[in-house]
Amino acid sequence: MAKMWAGRASGDTAAVADDFNSSIPFDMRMYRQDIRGSIAHARMLKKQGILDGHEADAIVEGLNGILRDLEEGTLQINLSAEDIHMFVEEVLTERIGSAGKRLHTARSRNDQVALDMRLYLRDEISQIRELLRNVMRALLAQAKANQDAVMPGYTHLQRAQPIVFAHHLLAYEMMLMRDDGRLKDTADRMNVCPIGSCALAGTTYPTDRAFEAEELQFSRPCLNSIDGVSDRDFCLELLSALSILMMHLSRLSEEIILWSSWEFRFIELSDSFTTGSSIMPQKKNPDMAELCRGKTGRVYGSLMALLSAMKGLPLAYNKDMQEDKEGVFDAVDTVKMCLRVFAPMIEGMKTRKDKMRLAAKEGFINATDLADYLTRKGLPFREAYKLSGQIVAMCQERGIGLEDVPLNDYQAYSPLFSEDVYESIRLEECVKRRISFGGTGPESVAMQLKAVEGFLAEA
Ligand code: ARG
């Protein structure tokens, strides 16, 4: 096929090479950003007197027409074009004639694609941050409703110490707040405009890159044209922020899967976010959570793929870099889908406080509190720890809980025990006594809830 860039070549490229080279099946999603960038470019060329005013106006009008027709579906993207940049330019030239051929003055597809990706991902990041906030809102509502739900906190997936469910959910809120921070940082650092870097070295035309950057709402033009066309850090930063975010969703998914099993029964997911089995009529499967857990791998994969694609590239642009798109786009789509499913799944989740309490009653999770009790009465913690361990062993043998040990038996271990031991090891009391900053005690939980509310109230 004859190419716009067929400056030197005499022969046509092979069909198989065209297919191999083409990126339009996946970069066509950037058509709005491509057109927006071109409009800003035409305006700059006009302002600088590089393009004749009438021609620049015709270009802008033509581009707006293409955008309108694409949005309305009256213009179809031609998948045999090489990429979205070529397609838009080809249609423009078809429509307005030779003026269309002047649009590519003082730019190259190298800076154009770097620009389009930044514009595109900037928009996606703000959508992702909005969706992330919806998940945070759903978690917040659950946390508020479960401030009194005593459950076992775990280490090594062994019952460890009593906590409230709100505290556990708030741990995820902290993760998601950091995720939001990473996305914001990524967007801020990404917000530097590469257009005008041209192929790699800049241009001989008297361009105004600051004007173009401002038109496109970037904070400034990039300082180095070689970096402008060869930098894909912004894709990598986004992929790594998304990977960490998915890791968090995946951990929560794993817990949701565990909690909704018959072994735990701490929660019940709503019918709208579970599936049945084709042969087992009783089944209620947490497929959505499983899929979020499963999809985490492909987001990590995209990060690894792009890191690997970039690691050996000499400056400046290399066609390898076209490989940035599918992975980043897939990651963005995947994360958005997971967040969209997660918010209502959390919102509709029923908690079973009775089951949590029951689990908390078994497993001696108040053993630390028993030791703390003795420590408060004057015993050094290490000795108290040892004594409590012996009492736990005795209880296990007898098949009873710490609260069922008669006072006499306690006193046989230490004269420091008195009637108030029972109140000290009551689960609700154990939680209440965790008064340290950031602990599971009610004041700390209230403070955390307020922090999350404050975060969600900002913008
Ligand atoms: N489709 C290309 C990409 O995604 C656009 C840049 C092409 N530049 C070039 N010199 N062939 O990277």
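Atoms within each ligand, like the ligands themselves, are counted from 1 in listed order. What you see is a predicted model; the values in this text were computed from it and never measured.
Both tests do not hold together for R109 against Y317: distance to the six-membered ring centre under 6.0 Å, angle to the ring axis within 45°.
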Review item, side-chain donor-acceptor pairs of residues 192-207, under 3.5 Å, at least two apart:
unit_1	atom_1	unit_2	atom_2	d
S197	OG	P194	O	2.7
T203	OG1	Y205	N	3.2

Name the atoms and distances for all side-chain donor-acceptor pairs under 3.5 Å in residues 449-456, with sequence neighbours left out.
unit_1	atom_1	unit_2	atom_2	d
E453	OE2	K144	NZ	2.4

Going through the checks in order, is the salt bridge (charged side-chain N to carboxylate O under 4.0 Å, His left out) test met by E215 and R36?
CA-CA 10 Å; E215 281 280 291; R36 187 173 171 209; over 6 Å; no
Could you go through ligand 1 and list every pair where one of its N or O atoms sits under 3.5 Å from a protein N or O, giving the atom names and the distance to one decimal?
unit_1	atom_1	unit_2	atom_2	d
ligand 1	1 (N)	S23	OG	3.1
ligand 1	1 (N)	D83	OD2	3.0
ligand 1	1 (N)	Q322	OE1	2.8
ligand 1	4 (O)	K325	NZ	2.6
ligand 1	8 (N)	N110	OD1	2.9
ligand 1	10 (N)	N110	OD1	3.0
ligand 1	12 (O)	Y317	OH	2.5

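The aromatic rings of W259 and H168 sit perpendicular to each other, their planes meeting at more than 60°, with 30° as the lower class boundary.
The list of salt bridge (charged side-chain N to carboxylate O under 4.0 Å, His left out) pairs with a residue in residues 153-173, not counting sequence neighbours, reads R159-E362.
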